[in-house]
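Okay, so here's the structure we're looking at.
Just so it is clear, the model here is predicted, and its values are computed rather than measured. Every chain is numbered from 1 and lettered A, B, ... according to where its sequence line falls, protein lines coming before strand lines.
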Amino acid sequence: MSNQELTEQELLRRESLQKIRELGIDPYPAALYPVSNLASDIKANYQEEVLEDGTKNRLNYQEVCVAGRLMNMREAGKAMFLNIQDASDRIQLYLRREELAENEDFTFFDQVIKKLLDIGDFIGVKGFVFKTKTGETTIHVQSLTLLSKSLKPLPIVKTDAEGNVYDAVHDPEFRYRQRYVDLTVNPGVKEVFLKRTKMVNTMRNFLNDHGGIEVDTPVLQNIPGGATARPFKTHHNALDVPFYLRIANELFLKRLIVGGYDFVYEFSRNFRNEGMDRTHNPEFTILEFYVAYKDYFWMMDFTEHLLEKVAIATNDSTELPVGENTISFKAPFKRISLFDAIKDYTGIDVSQMEEDELREVCKKLHIETDPTMGKGKLIDEIFSEKCEKNFIQPTFIIDYPEEMSPLTKKHRSKKGLVERFELMINGKEVANAYSELNDPIDQRERFEEQVSLMERGDDEAMFIDHDFLRALEYGMPPTSGIGIGIDRLAMLMTNQHSIQEVLFFPQMKPKQEN
RNA sequence: GAUCUCGUAGCUCAGCCGGUAGAGCAUUUGACUUUUAAUCAAAGGGUCUCAGGUUCGAAUCCCGACGAGAUCACCA
């Protein structure tokens, strides 16, 4: 980049960098900096007592060493107040000219600190902790080290004593493309992601505590299986064969159940070549787990306890604000059959209807259909259009038509149905689970039905995975499995409206940058 | 993929029935030894996303491109 393309402020910072070097100071020192405390730790635990004569006695933190990014500078004559931000919080620094001089030489204070330091620089300080007369816990700095010079000016976001935020960076494009800036300057962004991490850790611990084994399965697959979706296609040069990025890991986890594990799970990054909006990113994370000798009733019990635990771990409560609603994650969750749900919201009993009748019902309800839709798909349409949005509180929708569930075991007593549930929260599907189909003959027939759907024009129907069928023929124990949308769940746990707010680097269209 | 809205200084925004740009913060210079959205005084900073058109004249009106957001379609 030539100097002509740099802004005034960027040029000044480069000049400052040069001057710092000329003064013999390394602006990017290599040695470790011996940080002793976090800002949050000092602010939470500093104590002082006021003596009878009115003077204060500092009780702890007589020597601290703290490092962080310089976020604010206020000069007050021969003193100075700075704020630095470390991973935990911000803390104020108090500097005095005479204390930072060497033998009457005030160059470091007058030149380096006052003129050559900029907001955004990383610095480290050593000193003692005290409270200013306004009561703010502050580090009285006895030495200051430049740890890394910043060459680009950060947006200045200010927060007043009441917590009002001024000039926050709102532009979503700026925030997502330069997440590092968003994280640095916008209050609360880091907390959202820390909550997400806490959520994932809680789930992992819960699964481990119940005997789950975390596994990794292929992302590059010959046959993209386990879901109905359009895949991303790529190519392996050495083998000269096409590969697909996985749309789901289901069929691989079941192979592991065949192999003799009885509880496996994976946080699976899946890729689907479809539209993007506030609830869809091309790559997203699903937690899938499969437990042998269980059925979908067991899975409902397990899931509601898992989510209750997640809510408490992330929000210290089972009652969470989500948009305009308050959602209770207290177990147990409501359960209702798909047909009853449709009956409740449309007044129509579709449970005995054939394809033609269902098509009539759709017409009456102003739902568009097309000839490729079979019975299952039509029922699914009615539910999505008329029912789904009404399930704000966590609700298990159970027992789905066989046609739309090619990997699910037939219902033990209800003909034409399968043992499947979806968990709806805030009007969105968060989880999808089955008693897994383990009858290899039945599975082969289901795959063949998918093929005929594909021939009928459904471009998302499943391919036949012959190796998976072979695995089932060796025998898979009765098993229940589930997929839980981690990004969607994170949105709920952090009360965020958009998936982009719970992904560090949401997918963006490439843009030419200078 | 469709429709609507948006794109002005480092950041947040104003200006938009056409007369080539303003504010606050940030930056620069100066004052101030407990300030805190620090304050006070002064100064600098913009091919108004890009490319065309209408016009004597365009940030402003029209067309196109690029990017973003919202709604819809597809899906989780």
[M] and [N], which share atom name [atom1], separated by this distance in whole Å:
N: B/rU27; M: B/rG22; atom1: P; result: 23 Å
N: B/rG24; M: B/rG64; atom1: C1'; result: 36 Å
N: B/rA68; M: B/rU8; atom1: P; result: 15 Å
N: B/rC61; M: B/rA23; atom1: C1'; result: 26 Å
N: B/rG7; M: B/rA76; atom1: P; result: 36 Å
N: B/rC62; M: B/rU55; atom1: P; result: 16 Å
N: B/rC16; M: B/rG57; atom1: C1'; result: 16 Å

Check: [X] side chain, [N] base, donor-acceptor under 3.5 Å:
X: A/Asp171; N: B/rG69; value: no
X: A/Arg97; N: B/rU33; value: no
X: A/Gln92; N: B/rU35; value: yes

Short side-chain N/O contact from A/Asn72 to OP1 or OP2 of B/rU35, under 4.0 Å
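The answer is no; no side-chain N or O of A/Asn72 sits under 4.0 Å from OP1 or OP2.
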
Just by distance, do the side chain of A/Asp380 and the backbone of A/Met404 share a donor-acceptor pair under 3.5 Å?
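Here the side-chain-to-backbone pair does not exist.
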
Applying the Watson-Crick and G-U wobble criteria at under 3.5 Å, what pairs with B/rU3? Answer none if nothing qualifies.
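B/rA70 - that is the nucleotide pairing with B/rU3, both distances being under 3.5 Å.
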
Nearest to the side chain of [X] - [options]?
X: A/Arg278; options: B/rG45, B/rU12, B/rA70; answer: B/rA70
X: A/Gln9; options: B/rG69, B/rU12, B/rA26; answer: B/rA26
X: A/Thr132; options: B/rU12, B/rG67, B/rU35; answer: B/rU35
X: A/Lys158; options: B/rA37, B/rU34, B/rC11; answer: B/rA37
X: A/Leu12; options: B/rU33, B/rU28, B/rG67; answer: B/rU28
X: A/Glu173; options: B/rA76, B/rU12, B/rA68; answer: B/rA68
X: A/Lys115; options: B/rU12, B/rU33, B/rG30; answer: B/rG30
X: A/Lys133; options: B/rG69, B/rG30, B/rU34; answer: B/rU34
X: A/Met508; options: B/rU34, B/rA37, B/rA68; answer: B/rA68
X: A/Asp167; options: B/rU12, B/rA68, B/rC74; answer: B/rU12

Less than 4.0 Å between a side-chain N and a carboxylate O, is that true for A/Arg175 and A/Glu501?
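Salt bridge flag = yes for A/Arg175 with A/Glu501.
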
Can we say A/Glu402 and A/Arg446 salt-bridge, meaning some charged N sits less than 4.0 Å from an Asp/Glu carboxylate O?
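Result for this pair is yes, salt bridge flagged.
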
Please report the distance, rounded to the nearest Å, between [atom1] in [X] and [atom2] in [N].
X: A/Arg175; N: B/rG67; atom1: CZ; atom2: C1'; value: 17 Å
X: A/Met73; N: B/rU35; atom1: CE; atom2: P; value: 18 Å
X: A/Glu8; N: B/rA9; atom1: CD; atom2: P; value: 14 Å

Taking the nucleotide of RNA chain B with the closest heavy atom to each, which residue, A/Lys78 or A/His497, is nearer the 5' end?
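This one resolves to A/Lys78.
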
Cation-pi check, A/Arg97 to A/Phe106: give yes when NZ or CZ is under 6.0 Å from the six-membered ring centre and within 45° of the ring axis, no otherwise.
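Satisfied, under 6.0 Å and within 45°.
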
Using only heavy-atom distances, determine whether the side chains of A/Tyr265 and A/Asn249 contain a donor-acceptor pair under 3.5 Å.
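Checked: A/Tyr265/A/Asn249 side chains show no N/O donor-acceptor pair below 3.5 Å.
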
A/Arg246-A/Thr217 side chain donor-acceptor pair, cut-off 3.5 Å
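A/Arg246 vs A/Thr217: donor-acceptor pair found between side chains.
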
Would you say A/Phe284 stacks on B/rA76, if stacking means ring centres under 5.5 Å apart and planes within less than 30 degrees?
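Yes; centroid distance and tilt both under limits.
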
